[in-house]
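Taking it in order: structure first as structure tokens, then the write-up.
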Amino acid sequence: MTLLTTQRTAPWWRDNLCYEIFPRSFADSNGDGVGDFKGITAHLKYLANLGINSIWLTPFYPSPQADAGYDVSDYCDVDPVFGTLDDFDILLKEAHAYGIRVIIDLVPNHTSDQHPWFKRALAAAPGSAEREWYHFRDGLGENNELPPNNWTSLFGGSAWKRVPGEKQWYLHLFSTHQIDLNWDNPAVRDAFDDILKFWLDRGVDGLRIDAANNLVKAAGLPDVTPENSTMTDQQYRGPMFDQDGVHDIYRRWRKLVNTYDDRVMVAEAFHVQPISRLVNYVRSDELQQAFNFDYQLSQWGATNYRAIIDKYLTNMGTVNAPCSWVTSSHDQVRIATRLGLTTPGATPMGLDSTTEQPNEQLGLDRARALIMLTMILPGALYLYQGEELGLPNHTTMEPRFRQDPRFFDSNGTMIGRDGQRIPMPWKAKAPAFGFSPSDKSWLPQPDSYAGYAADLQEKDKHSTLSLYRRLIALRTQNALGTGSLQWFDSPRNDVLVARNGSVCIYINFGYAPLDLPAGRVIAQSRPGIDKGTQLPGNSAVWLALDEMPHTQA
Ligand code: NOJ
């Protein structure tokens, strides 16, 4: 076991190699078909062998689980489905003993409708102090039968729900069970200070801030108009997004976090554009990182990735913040699936038997090439459980198994995110592929997951798991995360060539093979790429730069 000691001068989070754990689907220890803390603790050795240096746990707090725990009913405890606070403490301690830090998910934009704050607000009279914790407003129309404004929920339908038998409605930007808190109320700010302290005192190393750009709403909750709003695949702009006032909250939190040693806060600020607005979240007195969703959602192609990488390195650099690269998460279709679609990198909300099916091998080839590009980039990196196995989505799950509120709130028009939340295949031949000691699994696993099982990949030096281990080891040894990127002239416009320190990458986004310069191959996305040979399409190679004859900057 290694200890959390370091000789480095850069804070650990600047090149943090973080592994996202969606606890429901990682490992089940008690056979109920839902993952839990003991299951995670039992797999820490696997994570240490992978070489990551932190984990991010998506919400594990008491919750009715209307949105996989993003509907919190008590911020300072653990849902029994995942274990107890003691189990959490054990996980934290054992993770630290492996040199793995623990980031938890803070959900400040909304609470569950079962949270005592909301129950108290519902029981209180309109206009009361209790109702001020949320956004209650009288409905419009003669009988208050219309919502107070025209905002729509991100999960479909109106963003307002009426209190039965009353004039008043309350705001929920996500599902009807996730009620938006009123961050203009100082009592809400005080309550969250206490929540932060509760977990920081317990020893967590960081917080991922859910829906970080939503907390503050425009004064008066004005209607959405063409002038004040843009909703596209790239940008969410409107009176409920990215209001300037949100930065007061992050400055306040940073002051608090700075009273502890070395903790990190990461913003989930989805589709904040232009990038100068995203940069505001990572100014030196606010949060330290913001996920790079442009990178995660990019379409396949040399020009796309190069433009995004340059844009982020330059802009994050203006405030000396590290970039936070990500290619998969519990919210988006897995990278190996997206890159196997006819439009590679398309971003469907989900896939099922009525939609296009990906080319699984092509998607995997590209995902393996892309991780080689991602791993050479300076900054922090967030991997999503199963990504290291090259897992695809479940693309044919029957609707009767679905759990994502997006599916229900949109009346089935959005397939939802269940396909990327399938329990992990640990063992090819065990029931539930080793996810659970029983044969239970809260979402069904596709048969094809047997071929991706970790125990098979452990034994195969060309497996995706072996590739990830190798890249992580090289990234760590060569300190690529705190290095810098330099592009080389590319021989073709579907190829990128770059270096970071003594490592050089060639990545071929096209189909035509590329002649490689002589040089020692230190990692390859496909077996068989060797010195002096060609780089096939949809693949990548790392070469030891010092040993290459002609490199041109
Ligand atoms: C972002 C989370 O990642 C997602 O899973 C959740 O549904 C929403 N925020 C609402 O909390």
Side-chain angles (χ1 to χ4, degrees), residues 22 24-26 28 33-35 65-68 153-157 174-175 233 296-300 327-368 370 384-387 389-436 438-454 456 464 538:
F22 188 75
R24 295 181 75 77
S25 299
F26 189 65
D28 171 25
V34 181
Q65 303 288 327
D67 182 21
S153 153
L154 290 159
F155 286 179
F174 294 91
S175 84
D233 283 351
Q296 176 173 7
L297 301 177
S298 174
Q299 295 208 356
W300 184 244
T327 60
S328 281
S329 72
H330 65 288
D331 283 332
Q332 302 295 336
V333 170
R334 285 180 177 277
I335 190 74
T337 297
R338 289 181 47 241
L339 294 180
L341 296 172
T342 313
T343 305
T347 54
M349 181 39 69
L351 296 159
D352 69 8
S353 52
T354 67
T355 62
E356 181 195 350
Q357 293 296 301
N359 178 331
E360 207 166 307
Q361 186 58 51
L362 182 59
L364 182 59
D365 287 347
R366 286 174 171 157
R368 287 172 58 127
L370 184 63
Y384 176 47
Q385 67 184 40
E387 177 189 330
L389 303 176
L391 278 191
N393 263 49
H394 191 328
T395 56
T396 54
M397 192 197 295
E398 290 171 48
R400 68 192 164 102
F401 293 115
R402 296 204 181 283
Q403 310 258 348
D404 185 354
R406 274 203 155 170
F407 176 71
F408 301 103
D409 289 8
S410 68
N411 290 322
T413 54
M414 294 192 211
I415 294 169
R417 301 161 293 182
D418 298 303
Q420 56 262 29
R421 298 175 174 184
I422 304 299
M424 287 277 282
W426 293 105
K427 295 182 185 155
K429 297 222 166 88
F433 300 132
F435 163 68
S436 168
S438 71
D439 60 355
K440 290 192 193 143
S441 156
W442 71 284
L443 286 173
Q445 299 160 299
D447 295 343
S448 69
Y449 270 30
Y452 291 91
L456 290 185
T464 307
N538 299 302

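Nothing here was measured: the structure is a model prediction, and the numbers come from that model.
- From Asn538, atom CG reaches atom CH2 of Trp300 across 5.5 Å, with rounding to the nearest 0.5 Å.
- The ring of Phe433 has its center no closer than 6.0 angstrom to the ring center of Tyr449.
- Taking OG1 of Thr396 as the reference point, atom CG of Leu351 lies at 10.0 Å (rounded to 0.5 Å).
- Taking both residues in full, the closest heavy atoms of Leu389 and Pro425 are given as CD1-O, 3.9 Å, listed atom of the first, atom of the second, then distance.
- The shortest distance between side-chain heavy atoms of Pro423 and Leu443 falls below 4.5 Å.
- The two residues Ala453 and Ala428 have their closest heavy-atom pair at CB-N, 3.3 Å.
- Remark: the backbone N or O of Phe407 is not paired with any side-chain donor or acceptor of Asp404 at under 3.5 angstrom.
- Side-chain contact of Arg368 with Thr464: a donor-acceptor pair under 3.5 Å is present, judged by distance alone.
- The minimum heavy-atom distance between Gln357 and Ser353, with the atom names listed, is NE2-CA, 4.1 Å.
- Distance alone, capped at 3.5 Å, places no donor-acceptor pair between the Gln385 side chain and the Met424 backbone.
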Evaluate the side-chain contact (heavy atoms from CB on, under 4.5 Å) criterion for residues Thr347 and Val333: first the C-alpha distance (whole Å), next the side-chain angles of each, then the deciding distance (0.1 Å), finally the verdict. CA-CA 7 Å; Thr347 54; Val333 170; over 6 Å; no
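- In this structure, Arg406 is not positioned above the aromatic face of Phe155 in the sense of NZ or CZ being under 6.0 Å from the six-membered ring centre and within 45° of the axis.
- Residues Leu154 and Ser175 are not in side-chain contact: their nearest non-hydrogen atoms beyond the backbone lie 4.5 Å or more apart.
- Side-chain N or O atoms of Glu387 include one that pairs as donor or acceptor with a backbone N or O of Tyr384 at under 3.5 Å.
- Put simply, CG on Leu297 and CG on Asp233 are 8.5 Å apart, with the number rounded to the nearest 0.5 Å.
- Taking the six-membered ring for Trp and the full ring otherwise, the centers of Trp426 and Phe26 sit less than 6.0 Å from each other.
- From Arg421, atom CZ reaches atom OG of Ser25 across 8.5 Å, with rounding to the nearest 0.5 Å.
- Residues Thr337 and Asn393 share a closest heavy-atom pair of OG1-N, 2.7 Å.
- Side-chain atoms of Gln299 never come within 3.5 Å of backbone atoms of Ala346 as a donor-acceptor pair (strictly under, hydrogens ignored).
- Asp418 contributes no side-chain N or O that, together with a main-chain N or O of Arg402, makes up a donor-acceptor pair within less than 3.5 Å.
- Taking all atoms of both residues into account, the shortest heavy-atom contact from Pro446 to His394 is CD-CD2, 3.4 Å.
- When only modelled atom types and interatomic distance are considered, Gln296 and Ser328 share no side-chain donor-acceptor pair under 3.5 Å.
- Across every non-hydrogen atom of Phe435 and Arg24, the tightest pair is CZ-O, 3.3 Å.
- Using a 3.5 Å distance cut-off with no hydrogens or angles, the side chains of Trp442 and Asp28 do not pair a donor with an acceptor.
- Put simply, the residue from Thr342, Thr343, Thr395 that forms a side-chain hydrogen bond (donor to acceptor under 3.5 Å, both in side chains) with Glu356 is Thr342.
- The backbone N or O of Met414 sits less than 3.5 Å from a side-chain atom of Ser410, completing a donor-acceptor pair.
- Remark: the backbone N or O of Asp331 is paired with a side-chain donor or acceptor of Gln420 at under 3.5 angstrom.
- Using a 4.5 Å cut-off on side-chain heavy atoms (C-beta onward), Pro344 and Arg366 make contact.
- A donor-acceptor pair is defined here as one N or O able to donate and one able to accept, closer than 3.5 Å; no such pair exists between the side chain of Asp409 and the backbone of Gly156.
- Ring geometry for His330 versus Phe22: interplanar angle under 30°, hence parallel rather than tilted (30 to 60°).
- Between atom CD of residue Gln445 and atom CG of residue Leu391 there is a gap of 9.5 Å, rounded to the nearest 0.5 Å.
- The line from CG of Leu339 to CD of Glu360 is 13.0 Å long, rounded to the nearest 0.5 Å.
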